[in-house]
Each structure stands twice: as structure tokens, then as C-alpha cells.
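Atoms considered below: every heavy atom in the structure, side chains included; atoms not considered: hydrogens, waters and symmetry mates. Worth saying up front: this structure is predicted, and the values here are computed from it rather than measured.
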Number of protein chains: 2
Amino acid sequence: MDLIKRVRIYEMVVEKIKALITEGHYQVGDLLPTEREFAQRYGVSRSAVREAMIVLHRLGMVDNIPGKGTVVVTDSEPSVNDYLLELLNAEEQSIINLLELRKGIEIEAVSLAAKRCTKKDLAVLQEKLELLEKAVEKGEVAAKEDHDFHVTLSSITKNDLYITVMTAISSVMQNTLEKTRAETLNKPGGPPRVLSEHKAIVHAIKNNDDEKARKAMRLHLDNVLHKTYQELDHKNIKQVKSR
Amino acid sequence: MDLIKRVRIYEMVVEKIKALITEGHYQVGDLLPTEREFAQRYGVSRSAVREAMIVLHRLGMVDNIPGKGTVVVTDSEPSVNDYLLELLNAEEQSIINLLELRKGIEIEAVSLAAKRCTKKDLAVLQEKLELLEKAVEKGEVAAKEDHDFHVTLSSITKNDLYITVMTAISSVMQNTLEKTRAETLNKPGGPPRVLSEHKAIVHAIKNNDDEKARKAMRLHLDNVLHKTYQELDHKNIKQVKSR
DNA sequence: ATTGCCTAAATGTCAGACCAATTAGCAGGG
DNA sequence: CCCTGCTAATTGGTCTGACATTTAGGCAAT
């Protein structure tokens, strides 16, 4: 049985305005037409437009400024991914917790990748590895290249959940690393070692050796965890000294 | 510098009504006071109350029914967990994808648990195992006992992310199993084998042997995956036959 | 007992008014 | 000429009152 669903007017206005933003008729930072104009344009009352504005505001898409107007804050509506990011990004979550979760996710991901990797997948992954290599040779932090590599790796699993979760974890880590100046990767003897670990992972995937791939990934992430522990210890010591 | 934040009236009304619901002044299914009464009670206009109602409705806490009133749908505001559930529960996600993700999460979780398990933790876990055992002996499906066991296991990691994610995965799987009549656990030779796998996991944790714990968990989840594959094949065959 | 209609009350929507904040323009003093 | 401060217009924020639509319950006719 199909139940008839009441459709509130403000909901239709929300969709209309949302479409205007996502389709690019108004860019981020632009001022939307006034509420009174929307009301006239859509043949509804200003109340309906205001209710729609409240929804759009709570979606984080617009900001209503009295005396000025309504400004576009972002051009895309929040997705489930954003909520996942919120979970991972919560301040209570330590970077250690995040790294441990990543360990579970990525070790199994690389295992699946080793079993399911096609020639095309491998080519893309090796390309990402080369980009990472070049960036490291230039002495860059290469955070973006590292992110790309790991996301590409997760995509080889062909499992949307791994792709979504790994993408979220990786971007949160990238943010965290930016805040902490990415000291981890910059430490003496850091990048070359990280690079060789990445190569070992790709090598195992190439041979479709899932067990070796897991071991290589576990080794890599244990090293990252170890360095992070050292870094945290170092900071704590500095904090104590500064008292 | 502390910026002064404009506080919209409807936001305060939202907090007021939300508190009334979460504190139990109104139970699920109850009819809230009318919008006009709220307006009078809080000394605001009905517009403000209506805007608050829209927010509460979009939070999924209330349902506004014309001619009747506003009924309470749930007594707790949605948390990040609910959005995680939404991600995992999305129809596009196959049960296979979910199981594969669970493999990554839980293998590493049991590894952490083996390293961090206290005597008290172990006692609780063994208690859950006994409950599972008794339920299986009675010939029950024991879905809830299985859920409890795995959530307890994840809590031993002391890592909030693992606890949150594992709880979500487990409850989604429980729902899915309910829909599919939990055939997996009911198959001949199913429960006893599952039980022995659980015992092996607990045994490894007891000995703080993280590597053996991972292997035991991998074996267990591979078996679950295998059975699920068989089940899906079986259903496909039945579907073909019924054409 | 069922059907149909009437009424009361609630939400949904509308129109208009006023308040508060912002902006732009203009007048006046330096 | 430039800066200051006032004024008016514009915009979102709130309030009020009205009407439309939906629901529930009472009541009479069938």
C-alpha cells in the first residue's frame, strides 16, 4: 500500500534553493536573493522561505546575517561522510586511537587488495607510488601523495565501505598532521624508510600475496605508531620543561 | 577574543522542548502541548515555536500531525552513532562488504584486546561466553548473546573508536540477520562450531597471545563469510527456480 | 451498528507589521 | 579634500492575527 505523504511547502523551497546552490547559480560567498524575493518568486509566504532558511542554515549551507542577507557557506549538502569525519575528528579521539583503527582497516584492506588487484589497478597504484617517491626526493612532506596512495589502495578492495572509511581516516590524519607540522614524516631517516615500506606493500600486492601484504602493512603502521608515540613523549617532555 | 553569538529564539525553544523530552516529561508516543501553549508558556510567538518544531522534526524527535498535535517519536537526539549506522545500513552496502569491514575491525580489535585484557575484563568476557553457550545449548539463535560477546570484546581494546564502530557493525548485522531469519547460525553443525571458535578466541586473549588471537578471529570470520556466501548462492538458486 | 455531517481544535500557510542590524549616501566640520 | 556622523533604505528576526486543512469526537439518520 502506498501511503500518501504530506509535503510541506518549506521542504520544496529547501530543495529549490539547495538546487540553486549545488548547481552553481550562486557561488560560495555570494549573497542569495532576499527572503521576500524568494517568497514572491515561488509564490509562497515569507514564513515558508524562512523555515527553509532555517533548514539550510542547520545543514551548514547558508548563514543568515540580519541587515545584510543570506550568504552561501558551502556548495554541497553534508553527506554521511561528513558525519563519519565528525566521529573521527572528535576532540576526545586521540591520534593513537585513530591510528589503531587505521591499522585494522588498512591491514585487511591491503589483504583484499592483494587478492583483487587487476593490472590496471596495479598501474594506478604504482603511479601514485612514483608521485610519492618524487615528492619525497624533493624533500617535501608529501602528505597529499601519501593520502592519495592509501586511498587508491583502499579502492582496489572494490568494497565501498573500506573506501569510505579509509578516505575519512586518511583525511582526518592529514588534518592532524598539518596541525602537528607533520614532524613524523620529517624526522631524519623518516621518508626513505616510509618509502621502502610502501614499496614492499606494492610488491606484495603485485604478487597477489595477501599474507605478505598484511605483514608489510602491519610493519608500516607499527612504525608510524611508534614514531607517533615518540613524538607525543617528546611534546610532553617539552611541556614539562616549560613550566 | 570572545565573539558574541546571536542566539535565535527558536534555538532556545528547541533546547527547552528537547530537554522536556530527554528528561522524560513526555514519553515516546505522547502528545506534546500545542504550539500556541508553548508560545504562551515561553513568552514567544508561535512562529518561534514552529521553527523549533521544524528543527525537532528534522532531528527525528517529533512528528507534527495537522489537526492532532505533535507526537514524540524518540526520546533521544540522534548522535554520531546514528549516522554511522546510516552509513553501514545503506541499502547499497551488501552484507559481504559489511562482513569484510568487520574482519578488519575485529581482527585488530582482538589483537589489542589480547594485549590489554585485565583479569576483570577476562571475567566479563568469559561470562558473556557462558551466556552464549547456554543459549546455543537451548537451541536458540543467540543473536543477542553473540552481539554482546563481540561488543564486550571490542570494549577491552579501551579504544573508543573500536567500541563505537564495532557496536554499530554488530547491531547492523543483527538487524540483517533478523531479516534473513538468521539461517547462518541455524545450519546443521553451525552453532557448535561457532562456539568452539569463540572459545579459541577467549583462550588466546587469556594467554595475552595477540597473534594467536588474530588467527582465531580470522578463522572465525572467514567461516562466517563462507557460510554467508553459501547462503546467498542458495537464495539466488531459489530465486532462479521460482521464475 | 454503520454512515454521514457538524463542530472543535490542532497544525499548515499566509499577509502584514514592527524591531534590530547593516549598509550606503550625504551633509557638515576639520 | 578627507573624515565624521546622521539619515534613510534594506535585510533578516520576531510577532500578531487570520484563514485553510486535517483530525477526532459527538450525534442524528439510516
Side-chain angles (χ1 to χ4, degrees), chain A residues 1-18 20-21 25-74, chain B residues 1-18 20-21 25-74:
Chain A
M1 184 175 73
D2 283 349
L3 295 177
I4 293 178
K5 183 187 164 194
R6 292 194 324 268
V7 178
R8 300 263 249 117
I9 288 183
Y10 83 83
E11 289 176 337
M12 298 191 295
V13 178
V14 166
E15 294 308 315
K16 285 278 190 185
I17 300 181
K18 197 191 290 178
L20 284 179
I21 297 175
H25 292 85
Y26 297 97
Q27 306 287 331
V28 172
D30 282 0
L31 230 51
L32 286 179
T34 69
E35 295 178 349
R36 291 170 175 84
E37 174 162 351
F38 271 130
Q40 192 173 8
R41 185 187 299 183
Y42 297 134
V44 300
S45 71
R46 188 157 84 100
S47 313
V49 177
R50 305 212 73 257
E51 292 172 350
M53 286 299 178
I54 286 174
V55 173
L56 290 171
H57 176 66
R58 292 192 78 92
L59 284 176
M61 298 184 71
V62 304
D63 206 1
N64 311 95
I65 303 173
K68 196 175 182 184
T70 304
V71 43
V72 179
V73 174
T74 174
Chain B
M1 183 176 74
D2 281 352
L3 293 178
I4 292 179
K5 185 186 165 194
R6 289 194 329 266
V7 178
R8 301 265 251 112
I9 289 183
Y10 82 83
E11 289 176 340
M12 297 192 296
V13 178
V14 166
E15 294 307 316
K16 284 279 191 185
I17 300 180
K18 198 193 288 179
L20 284 179
I21 297 175
H25 292 85
Y26 297 96
Q27 306 287 332
V28 172
D30 283 359
L31 227 53
L32 287 178
T34 69
E35 295 179 349
R36 289 172 176 83
E37 172 157 354
F38 271 129
Q40 192 173 8
R41 184 186 302 182
Y42 296 135
V44 299
S45 72
R46 189 159 82 101
S47 314
V49 178
R50 304 214 76 257
E51 292 173 349
M53 286 299 179
I54 287 174
V55 173
L56 290 170
H57 175 65
R58 293 192 79 93
L59 284 177
M61 297 184 70
V62 304
D63 206 1
N64 310 92
I65 303 173
K68 195 175 182 184
T70 304
V71 311
V72 179
V73 174
T74 174

Handout entry: Contact under 4.0 Å: A:Arg8 side-chain N or O vs C:dT13 OP1/OP2
Key = yes
Practice task
Could you tell me whether a side-chain N or O of A:His57 sits under 3.5 Å from a main-chain N or O of A:Asp63, the two making a donor and an acceptor?
Solution key: no
Problem - Residues from residues 26-35 of chain B lying under 4.0 Å of DNA chain D - heavy atoms - result: none
Polar atom pairs (N or O), protein with nucleotides 23-25 of chain D, under 3.5 Å:
none

Practice task
Rounded off to whole Å, could you give me the CG-to-P distance for the B:Asn64 and C:dT13 pair?
Solution key: 10 Å
Problem - Neighbour count above 12 (heavy atom, 6.0 Å) for A:Lys18 NZ - result: yes
Practice task
Kindly say if B:Thr70 contacts the phosphate of C:dA10, meaning a side-chain N or O under 4.0 Å from OP1 or OP2.
Solution key: no
Practice task
Sort out for me which residue in B:Val73, B:Ile21, B:Val55 forms a side chain to side chain contact (heavy atoms under 4.5 Å, CB included) with B:Met61.
Solution key: B:Ile21
Exercise for the section: Could you list by number each residue of residues 42-57 of chain A showing a heavy-atom separation from DNA chain D of less than 4.0 Å, or answer none if no residue does? Expected result: A:Arg46, A:Arg50
Handout entry: Candidate list B:Val28, B:Val62, B:Leu31, test side chain to side chain contact (heavy atoms under 4.5 Å, CB included), partner B:Val71, passing option
Key = B:Leu31
Completion exercise
Rounded to the nearest 0.5 Å, the CG atom of A:Asn64 sits from the CZ atom of A:Arg50 at a distance of 7.0 Å
Practice task
By nearest nucleotide on DNA chain C, pick out whichever of B:Gly69 and A:Tyr10 is the more 5' one.
Solution key: B:Gly69
Problem - d(CD, B:Glu11; C1', D:dG13) in whole Å - result: 12 Å
